[in-house]
Amino acid sequence: MKNPRVHEIATAMIDAVRKVLIDHQVTEAEYRAGVMYMMKVAEAKETGLISDVFLNSTIVEIKAANTHGSAPAIQGPYFKEDAPFVDGKLKTYDSDDHKPLLLHGTVKDEAGGVVSDAVIDIWHSTPDGRYSGFGGYHGDMPVEYYRGKIRTDSQGRWRVQTTLPAPYQIPNKGPTGALLTMMGSHTWRPAHVHFKIRKDGFEPLTTQYYFEGGEWVDSDCCNGVQPELVMPAAIEQNMQVMVLDFVIEKPRA
Ligand code: DHB
Ligand code: FE
């Protein structure tokens, strides 16, 4: 059965790729190498990774242009729906050289009204750039580390303590990393904290924030940094702090 939306987008994509082949006079040998490369991506189970590295930020830009709420950002592959509710503090592996990080702020609606009882999922990497609950390269950290859910209070306020995340290297041993290297790029993302804010009757907001002056902020391999997502370093109670006042919006008809 013909699907008009698939027809429109798939046709436009194929036309765009054909134009590149012609403009760059791609040879039969290069074309075959490209097909082999795509097979390697599938074999390495990196189809999701390579799509997200190059294209997710564009989808987020489209979303950002149509929102009246806080800036959205890429979700990345490390969100876990089953992260537990926490009471003011994420579970972390503490050590003297892990710096504390305080996160707090508010959730409001577009009219400036407080949104109480919104659920905020927060997740980020360890101080050495790994995510819990994924095994493999990330180690066998249980899912309750470095992630959790909290609720806004009756004034729409929220607050949680954790430790500072580090820059993160996307899986770099496979075909996606090889392509980035051949393109003269690299496989690093700046240190960041992810948030997903949900409340019945509102559009969910998925976003992430970066630290001003942080390494790779100006050259994220996933192209996910927007100026409004970079937070200045601030200190409160001897801790680095990120203050974030989120605005969520009602679905548009
Ligand atoms: C990837 C990892 C992240 O932590 C993130 O926020 C976005 C993308 C990745 O591995 O592609
Ligand atoms: Fe991430």
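Whatever order the structure lists ligands and atoms in, that order sets their numbers, starting from 1. Note that this is a predicted model, so its numbers are computed, not measured.
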* Asked: Heavy-atom contact under 4.0 Å between Asp52 and ligand 1?
  -> no
* To which protein heavy atom is atom 2 (C) of ligand 1 closest, and what is the distance rounded to 0.1 Å? -> Tyr168 CE2, 3.3 Å
* Asked: How about His124: does one of its N, O or S atoms come closer than 2.8 Å to the Fe ion (ligand 2)?
  -> no
* Structure fact -> among protein heavy atoms, the one nearest atom 5 (C) of ligand 1 is Arg189 NH1, 3.2 Å
* To do: Considering the heavy atoms of Gly76, write down every atom of ligand 1 situated less than 4.0 Å from one of them.
  => 5 (C), 7 (C), 8 (C)
* Structure fact -> The single option from Val160, Val241, Asn238 that satisfies side chain to side chain contact (heavy atoms under 4.5 Å, CB included) with Leu102 is Val241
* **Test side chain to side chain donor-acceptor pair (under 3.5 Å) applied to His104 and Gln161, Arg157, Glu236, the passing residue** => Glu236
* Structure fact -> atom 4 (O) of ligand 1: closest protein heavy atom, distance to 0.1 Å, is Tyr131 OH, 2.9 Å
* To do: Given side-chain hydrogen bond (donor to acceptor under 3.5 Å, both in side chains), test Thr92 with His98 step by step and report yes or no.
  => CA-CA 10 Å; Thr92 54; His98 295 176; over 6 Å; no
* Which residue owns the protein heavy atom closest to atom 10 (O) of ligand 1, what's the atom, and how far is it? -> Ile170 CG2, 3.3 Å
* Based purely on interatomic distance, does Gln75 place a nitrogen or oxygen under 3.5 Å from a nitrogen or oxygen of ligand 1? -> no
* If you have a sec, work out which protein heavy atom is nearest atom 11 (O) of ligand 1 and how many Å separate them, to one decimal? => Leu49 CD1, 3.3 Å
* So does Tyr131 have any N/O/S atom less than 2.8 Å away from the Fe ion (ligand 2)? -> yes
* Asked: Looking at the rings of Tyr168 and Tyr78, which for Trp means the six-membered one, are their centres under 6.0 Å apart?
  -> yes
* To do: Rounded to the nearest 0.5 Å, what's the gap from CG on Leu49 to CG on Asn56? Could you check?
  => 11.0 Å
* When you check the gap from the basic side-chain N to the acidic O, do Asp121 and Arg198 get nearer than 4.0 Å? -> yes
* Asked: Does Met231 reach the side chain of His192, with side-chain heavy atoms less than 4.5 Å apart?
  -> no
* To do: Could you grab the distance from atom CG of Asp52 to atom CD1 of Ile170, nearest 0.5 Å is fine?
  => 10.0 Å
* Asked: Where's the contact between Pro77 and ligand 1, heavy-atom distance under 4.0 Å: side chain, backbone, both or neither?
  -> side chain
